[in-house]
Number of protein chains: 2
Amino acid sequence: MANLRGGDLSRLRQLNSLTAIRALRGAGPLTLSALAERTGLSRPSMKEVADELVELGWVEEVPPSPGTMGRPARRYRFRADSGCLVGIDIGGHNVRAALSDLDGEILAETRQPVLPGAPLEERLAAIDRAVSGCLALSGRTAADLWTVAAGTTGVLTPEGRVTFSAAIPAWTGLDLAGKLREMFSCQVLIENDSRLAALAEARRGAAQGARDVVFLHVGRRMGTGLIIDGKVHRGFGAAAGEIVMLPEARWYDAPEHLNGCEVVPEGTAPEDAAGYTLAAARDGHPVALAAVDRYVDDLAVGTAAMVLVLDPQMVVLGGGFSRSADVLLAPLRERLERTCMRMPEVRASTLGDECVVMGAIDYAADHLSRELFTSDSPLTPMR
Amino acid sequence: MANLRGGDLSRLRQLNSLTAIRALRGAGPLTLSALAERTGLSRPSMKEVADELVELGWVEEVPPSPGTMGRPARRYRFRADSGCLVGIDIGGHNVRAALSDLDGEILAETRQPVLPGAPLEERLAAIDRAVSGCLALSGRTAADLWTVAAGTTGVLTPEGRVTFSAAIPAWTGLDLAGKLREMFSCQVLIENDSRLAALAEARRGAAQGARDVVFLHVGRRMGTGLIIDGKVHRGFGAAAGEIVMLPEARWYDAPEHLNGCEVVPEGTAPEDAAGYTLAAARDGHPVALAAVDRYVDDLAVGTAAMVLVLDPQMVVLGGGFSRSADVLLAPLRERLERTCMRMPEVRASTLGDECVVMGAIDYAADHLSRELFTSDSPLTPMR
DNA sequence: CTACTTACGAAGGAGCGCTTCATTAGTAGC
DNA sequence: GCTACTAATGAAGCGCTCCTTCGTAAGTAG
């Protein structure tokens, strides 16, 4: 059962203040009249609320826009720049970071290469460099950090420990959330990278507007992220989406069809192998086409399982192989048409390599909004 | 983006009135002081709110409880009896109905047998009789009906049309929601029966308290219901949970292992066949045990797929075969342990045949609560 | 019958949002 | 450069909702 607390007049003021913040965050700078109209409050009341928000630091006045009829109107904006969020993508070969304002508008991005086998300390140092780089690029300091959200490959516990990571051996067993909390003295959130990518696609990418989305990370390793009712679905033990563990879903060995194809030149690095096959298939090479067919056959089984279970509005194809989405989408759709009850839209990722960091930013922004808008205590000064 | 409307003092009163209703619904009759303490309002304000609620008919005063120290306190209760909800389970062989008060407390139940091949009109008449029976048993009339929620076998559209029903041939293509709206001049909700059963198990049954639940209907036909974040998950096209359509999940033909077992006497009705096999297995008959093993082998594949995708807290086994849960649970758990990342609890349904009607009642009650507590308009008189 | 406990009811006060209206600071037209 | 027009501003006054306080009422316990 939800909240049982009633409220007095200050609660009403709190609600109206939050409504005003929401209105300002949704649209750029607004005049007092526009704000009053949107919130349904009268002008004098809106003024009172705005004055208080300015006082507390959540909102500031901006110069009136010239060239309008009548007396120039005060304009207000949400001070999205008075704090920042950082999203981190901890991958095998790279640590990426992005810094955004409190609205999730991205202000800086960095990338730090790391070797997959690098020891723990080295990777943590890379994280530190990536974040420091973002802070420097955007002229901020660590004190401006409100929330850090990190996505990493591997299986996590709900508390942010790494149960197992094939891509980053040193990661296995690590209390990642704990380590990052030592590094950053702010709110720290940990999530699986595919789930964050899924969130990014649902918010800014190919699946914008969809409430239920299945994101497929297709690459050397298979991964998934589920968005259900607009939110990341983790599951009770943060293990949702691990369909790759089911042999009958035929996902685990699926990439081998592409990696092991005979069109791949002898001595190619394992991470580049599939690219050759996909490129050859695009050129119509029959052996490569057959390999892609076998790959998609397998890919479609696990995908159909997820689609049948969840009936999502959309399936988004991301990850390394999705650069060859033109080769993969049509046959995948064809397979899914055969088994799926209701065929979802199937699209390629539109966000590319920055997918995970953007998802991390969105995750942090969601968390912030939830904290702000569901709080029961009156609005406090903005740090 | 959520609600952008601010509110004035009447909004505050509305919130406090709703909080009071919530408090009263959560606990039996409460004195004014108890109510004030729970809601955090002062006594005089609480009195004002209570007076208004009594005025509008949502709440009534009950005689003070005797034998207490001090002056006897006024007591109030939510008038859960001033309206009623009806849940209907439209199955192949039976139409069941249950009637509850507005809190979902069940007051009457009825059952009307129907032949699976019965024509449309006959089944609709059975529905009418089942509901009329409940009304008569509880001394209500159709005018007291607030919401009717119906669960039926088959695949539905989001709007409540039946796309296809193997168990009820006459159902296929029917605008069920439309038909029921003609019969009942109140709110009508339609949902798949397994989903409602899942809801009932999550609210009152084996999975009480769990937010993420996979419900398996095991019987002559396989079905599933998913509870995600405490709510029924339908999917974008109301087709969620149809893993039975995936050949690799090995569900479709799974019941055949039990139905076609050689321990089943010649000439047994198809709906009774599996019962023989399960009973023989319980007695240790080796042929039956082998059949059950093969059955569970298949059952576990589709189940593991759902568990891996969703990572639910609990899996509940319901439907006809779940009467033999003692024979099925242990081997099912054993199979799941092998493939599942994180093993969920696996339990047998505790609600039995009334599962679907109870779920329908819960579904209707949820709908009512959502309407009541998320409304933006001030509280209206209770009809 | 008295003391004690608990609830009731009335009075007075503070905070919040609303409406109203005179005032102010711009643009547009002559 | 002056006047008319437009739209926002700021101050005043009202009503509603919740709060605190305090004397009174209706029970039980001894």
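Protein chains get the first letters and strands the later ones, always in sequence-line order, with residue 1 at the start of each.
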Within less than 4.0 Å of OP1 or OP2 of [N], is there a side-chain N or O belonging to [X]?
X	N	value
A:Arg13	C:dG17	yes
A:Arg74	D:dG10	yes
A:Ser45	C:dG17	no
B:Asn16	D:dC18	yes

message: Can you confirm whether A:Glu37 is buried at CD, in the sense that more than 12 heavy atoms of other residues, nucleotides or ligands lie under 6.0 Å from that atom?
response: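 Not more than 12 within 6.0 Å, no.
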
query: Is A:Ser375 reaching over with its side chain to a backbone N or O of A:Leu372, donor-acceptor style, under 3.5 angstrom?
result: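 No, because the side chain of A:Ser375 does not come within donor-acceptor range (under 3.5 Å) of the backbone of A:Leu372.
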
- request: Please answer whether the main-chain N or O of B:Ser10 pairs with a side-chain N or O of B:Asp8 as donor and acceptor at a distance below 3.5 Å.
  value: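 Indeed, once roles are kept as given, a pair shorter than 3.5 Å links the two residues.
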
Side chain of [X] only, please: which of [options] is the nearest?
X	options	value
A:Arg43	C:dC8, D:dA8, C:dG17	D:dA8
B:Asp8	C:dC18, D:dC16, D:dT9	C:dC18
A:Pro72	C:dC8, C:dG26, C:dA14	C:dG26
B:Leu9	C:dC8, C:dG17, D:dG15	D:dG15

Upstream residue (5' side of DNA chain D) when B:Pro44 and A:Lys47 are each assigned their closest nucleotide: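 Comparing both residues, the 5'-ward one is A:Lys47.
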
Distance check needed: [N] [atom2] versus [X] [atom1], whole Å only.
X	N	atom1	atom2	result
B:Leu32	D:dC18	CG	P	13 Å
B:Gln14	C:dG17	CD	C1'	16 Å
A:Met69	C:dG29	CE	C1'	10 Å
A:Met46	C:dT19	CE	P	15 Å
A:Arg11	C:dG17	CZ	P	13 Å
A:Glu48	D:dG10	CD	C1'	12 Å
A:Leu12	C:dC18	CG	C1'	12 Å

query: Do we get B:Arg211 above A:Phe236's six-membered ring, with its NZ or CZ under 6.0 Å from the centre and within 45° of the axis?
result: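 Cation-pi check for B:Arg211 and A:Phe236: fails.
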
- prompt: Between A:Glu52 and B:Ser33, which has a closest nucleotide on DNA chain C that is more 5'?
  reply: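 So the residue in question is B:Ser33.
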
message: Is it the case that the base of C:dT24 and the side chain of A:Arg71 share a donor-acceptor contact (distance under 3.5 Å, atom types as modelled)?
response: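 Side chain to base: pair found, below 3.5 Å.
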
message: Categorize A:Thr31 for me: base, sugar-phosphate, or nothing, with a 4.0 angstrom heavy-atom threshold over every strand shown.
response: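 Result for A:Thr31 = nothing.
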
- prompt: Is any side-chain N of the basic residue among A:Glu61 and A:Arg75 closer than 4.0 Å to the acidic one's carboxylate O?
  reply: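 No, this pair does not count.
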
